[in-house]
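A quick write-up on the structure given underneath.
So you know, we letter chains A, B, ... as the sequences are listed, proteins then strands, and number each from 1.
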Amino acid sequence: MPKDGFVTSIARQSDDFAGWYNDVVRKAELADYSPVRGCMIIRPYGYAIWESMRDELDRHIKASGHSNVYFPLFVPRSLLEKEAEHVEGFDPQVAWVTHAGGEALSEWLAIRPTSEALIAESVRDWIQSYRDLPLLMNLWNNVVRWELRTRLFLRTAEFLWQEAHTFHATEDEAADEVATGLDCYRAVAQDWLAIPVVRGVKSRAETFPGAVYTWAIEAMMRDRRALQAGTSHMLGQNFARAAGIEFLDRDNVRRHPYGTSWGFSTRMVGATIMAHGDDAGLVLPPNVAPLQVVIVPIFRREEERVAVMAAVERVAASLAGVRTASGPLRLRVDERDETPGFKYNHWELRGVPFRLELGPRDAAADQAVLVRRVDRAKETLPLAALPDELPRRLADYQAALFERAVGFQEANTHRVETLYEFRATLEEQGGFLLAPWCGDAACEARVNAETGATIRVIPFDEPAEAGRCLVDGAPSERRALFARAY
RNA sequence: CGGGGUGUGGCGUAGUGGCUAACGCACGUGCUUUGGGAGCACGAGAUCGUGGGUUCGAAUCCCACCGCCCCGACCA
């Protein structure tokens with residue numbers, strides 16, 4: 001069926017990126033649709049990827065002093081409505097429980113779209129003195145936002161995430177916390193998922209409802225579109241004031257604490273797929289890959305089978321105690337009664353970083369052929385070398401994927417000066433566009449209306465640069481990062 | 001919610017008023033196979049989205065409803 005023998009059961013990435021993405025998610029058995037529109041069933045292989053990034057992020061969150069907690073799924077309507085901007089921002093997306101126990105509820109219950117309001121209300125009594133601060137909490141939970149258009153992992157009506165909620169005595173301390181949250185995300189994205197990110201502050205239009213400002217990391221997918229990969233919000237005193245939280249400070253003055261919140265969701269599974277995948281399917285960084293190495297035994301006759309399986313068992317035993325950057329080596333021997341070609345395609349589609357082919361010739365020579373998923377490069381290695389070589393190869397592979405992604409992002413980031421140039425570059429090349437912007441929301445809206453691109457962030461790593469706004473020519477101090485986004 | 005599509009075994013499709021609804025993939029059993037998605041044989045699997053109507057006869061025509069997909073507005 002396939003002319004060149006390689007994976008052909010999925011749409012080509014270059015022809016139809018959206019079709020490719022869907023095929024990969026379904027055929028690599030990451031997720032499925034559910035009986036409820038827009039909701040997602042996460043299958044074992046997809047959930048293992050999520051667990052890996054979740055656990056890594058959890059380590060960062062705990063290492064920076066936060067404790068995991070739990071707050072309920074339901075938020076009384078009156079409570080959600082306390083912070084005016086917040087309710088306005090979320091209202092269209094909230095799912096409500098109106099009946100329970102066969103009777104209409106006297107007050108509707110929101111299924112949490114996020115937990116700021118509930119938490120602010122709940123911690124009021126916990127915060128009496130500056131000595132009760134900072135309060136550093138994190139929730140792993142699910143939230144519901146009734147999206148009109150959904151895509152597996154990227155935008156589902158219900159999704160899994162982590163939401164950190166913190167309260168501080170001073171604005172400076174809260175500001176530091178916003179940076180801490182964003183840095184957790186940067187670390188996981190870059191070091192674990194091998195996805196380079198641009199850090200920056202959101203424009204007013206893109207700021208979280210109820211926040212004073214929002215920081216974010218943005219990543220580039222292989223179709224050159226942007227994906228918001230994590231956000232960290234300075235809530236100021238907004239929610240504390242709405243909920244009436246006050247503490248007595250050192251100087252015997254009652255004050256509202258300053259809050260932050262930050263979130264990272266199952267959307268990052270989608271980001272990992274779209275940042276690294278290719279026409280053959282998933283390409284997973286070794287740190288998140290549920291399987292890092294698959295051994296494919298190859299034989300014809302019975303005596304070959306015996307010899308090959310003996311060698312396979314020796315290799316597997318020699319690799320049993322091997323550790324990698326993300327824990328014990330995750331290895332599987334594919335003993336299914338299928339042809340080798342079938343297995344190659346099967347595991348390439350699933351993005352396993354390395355496969356080890358071991359046939360009669362290899363068994364006789366105490367060697368195996370190691371094939372790298374990302375470029376199918378092959379090398380023959382002595383079996384005895386594998387316990388030392390595999391962890392090194394996996395680390396190199398992780399680094400190479402990151403470098404490749406950095407190169408791709410740099411090659412597709414363009415500096416433009418005028419709206420004309422902006423439009424032409426976006427049409428012809430896509431990608432990230434760094435353009436001078438005066439800060440006026442009307443200019444931002446006009447770019448969006450004319451090109452479909454939005455301001456992703458005003459990047460921290462771009463130096464201040466006097467210029468003229470790409471839309472109205474007004475003086476600008478910095479460049480904003482624009483892109484078409486998910 | 002506006003515009004455009006579409007609904008037939010698990011998946012992808014054919015069938016557009018007439019016999020027992022057809023084909024490919026996938027699935028089960030057996031034999032032969034196995035270094036890039038193996039072959040043959042036999043087999044199981046379908047209230048044709050739902051309800052109503054027209055007709056001697058409906059997967060096919062009509063009406064209503066429901067679901068899903070794509071494009072827009074909302075968004076982690």
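Closest approach to the A:Glu357 side chain among B:G36, B:A76, B:G35 is made by B:G35 (side chain taken as heavy atoms from C-beta onward). For A:Thr339, taking side-chain heavy atoms from C-beta onward, the closest of the listed nucleotides B:C70, B:G36, B:G35 is B:G35. Side-chain proximity of A:Phe299 to B:G37, B:G35, B:U34: nearest is B:U34. Closest to the side chain of A:Asn22, out of B:U34, B:G35, B:C70, is B:C70. The A:Phe159 side chain lies nearest to B:A76 when the options are B:A76, B:G35, B:G36. Counting only heavy atoms from C-beta on, A:Leu148 has its side chain closest to B:C74 among B:U34, B:A76, B:C74. If you check B:G36, B:A76, B:U34 against the side chain of A:Ile298, the one that comes closest is B:U34.
Here A:Thr231 lies out of heavy-atom contact (under 4.0 Å) with every strand. Residue contacts shown for A:Arg26 are absent, as no nucleic acid heavy atom lies under 4.0 Å away. Residue contacts for A:Gly359: at a heavy-atom cut-off of 4.0 Å it reaches a base atom on one of the strands shown. Using a 4.0 Å heavy-atom criterion, one finds that A:Leu154 contacts the bases of the nucleic acid, with or without backbone contacts as well. Residue A:Val296 is classed as having no contact, given no heavy-atom separation below 4.0 Å to the nucleic acid. As judged by a 4.0 angstrom heavy-atom cut-off over every strand, A:Ser232 is placed among residues making no nucleic acid contact. When heavy atoms are screened at a 4.0 angstrom cut-off, A:Glu147 is found touching base atoms of the nucleic acid. Residue contacts shown for A:Arg376 include a base, since a base heavy atom lies under 4.0 Å away.
The partner of B:G49, taking Watson-Crick or G-U wobble pairs whose two distances both stay under 3.5 Å, is B:C65. Pair check for B:C19 finds none; no Watson-Crick or G-U wobble contact set falls under 3.5 Å. With a cut-off of 3.5 Å on both Watson-Crick or G-U wobble distances, the partner of B:G30 is given as B:C40. B:A73 makes up no base pair with any nucleotide shown, lacking Watson-Crick or G-U wobble contacts both under 3.5 Å. When both pairing distances are held under 3.5 Å, B:U55 makes no Watson-Crick or G-U pair with any nucleotide shown.
In summary, the side chains of A:Trp262 and A:Thr180 do not present any donor paired with an acceptor at a separation below 3.5 Å, with no hydrogens or angles considered.
Taking atom C1' in both B:G2 and B:A46, the straight-line distance is 36 Å, to the nearest Å. Rounded to the nearest Å, the gap between the C1' atom of B:G49 and that of B:G7 is 6 Å. B:A64 and B:C19: their C1' atoms are spaced 32 Å apart (whole Å). As rounded to the nearest Å, B:A44 and B:G39 have P atoms that lie 22 Å from one another. Only the P atoms considered, B:A21 is 37 Å distant from B:U32, to the nearest whole Å. When the P atom is compared between B:U13 and B:C70, the two are found 14 Å apart, to the nearest whole Å. Rounded to a whole angstrom, the distance from the C1' atom of B:G28 to that of B:C68 is 31 Å. Comparing the same atom, C1', in B:G51 and in B:A58 gives a spacing of 15 Å after rounding to whole Å.
Between A:Leu358 and A:Tyr486, the residue whose closest nucleotide on RNA chain B is further toward the 5' end is A:Leu358. Comparing A:Asp337 and A:Lys378, the nucleotide of RNA chain B nearest to each residue sits closer to the 5' end for A:Asp337.
Atoms CH2 (A:Trp347) and P (B:G36) sit 19 Å apart, rounded to a whole Å. One atom, NZ of A:Lys343, and another, P of B:G35, lie 10 Å apart when rounded to the nearest Å. Note: CZ (A:Arg373) to C1' (B:G36) measures 13 Å, nearest angstrom. One interatomic measurement links the two molecules: CZ of A:Phe342 to C1' of B:U34, which rounds to 13 Å at whole-angstrom precision. Taking atom CE of A:Met221 as the reference point, atom P of B:A76 lies 15 Å away to the nearest angstrom. Between the CG atom of A:Asp23 and the C1' atom of B:C11 there is a distance of 12 Å, rounded to whole Å. Per the geometry, CG belonging to A:Asn142 stands 18 Å off P belonging to B:A76, to the nearest Å. Distance OH (A:Tyr344) to P (B:A38): 11 Å, rounded to an integer number of Å.
A:Asp16 has no carboxylate O lying under 4.0 Å from a charged side-chain N of A:Arg12, or vice versa, which leaves the two without a salt bridge. A salt bridge links A:Arg373 and A:Asp278; the closest N-O separation between the charged side-chain nitrogens and carboxylate oxygens is under 4.0 Å. For the pair A:Arg376 and A:Glu357, the salt-bridge criterion is not met [side-chain N within less than 4.0 Å of a carboxylate O].
Residue A:Gly263 comes nearest to A:Tyr185 through the heavy atom pair N-OH, 2.8 Å, listed as atom of the first residue, atom of the second, then distance.
Scanning for salt bridge (charged side-chain N to carboxylate O under 4.0 Å, His left out) contacts around A:Asp337 gives an empty result, with sequence neighbours left out.
The base of B:G35 is not paired with the side chain of A:Arg300 by any donor and acceptor separated by under 3.5 Å. Side-chain N/O atoms of A:Glu338 and base N/O atoms of B:G37 include no donor-acceptor pair closer than 3.5 Å.
Using cut-offs of 30° and 60° on the angle between ring planes, the pair A:Phe208 and A:His86 is tilted.
Checked against the 6.0 Å centroid threshold, A:Trp215 and A:Phe460 count as a close aromatic pair.
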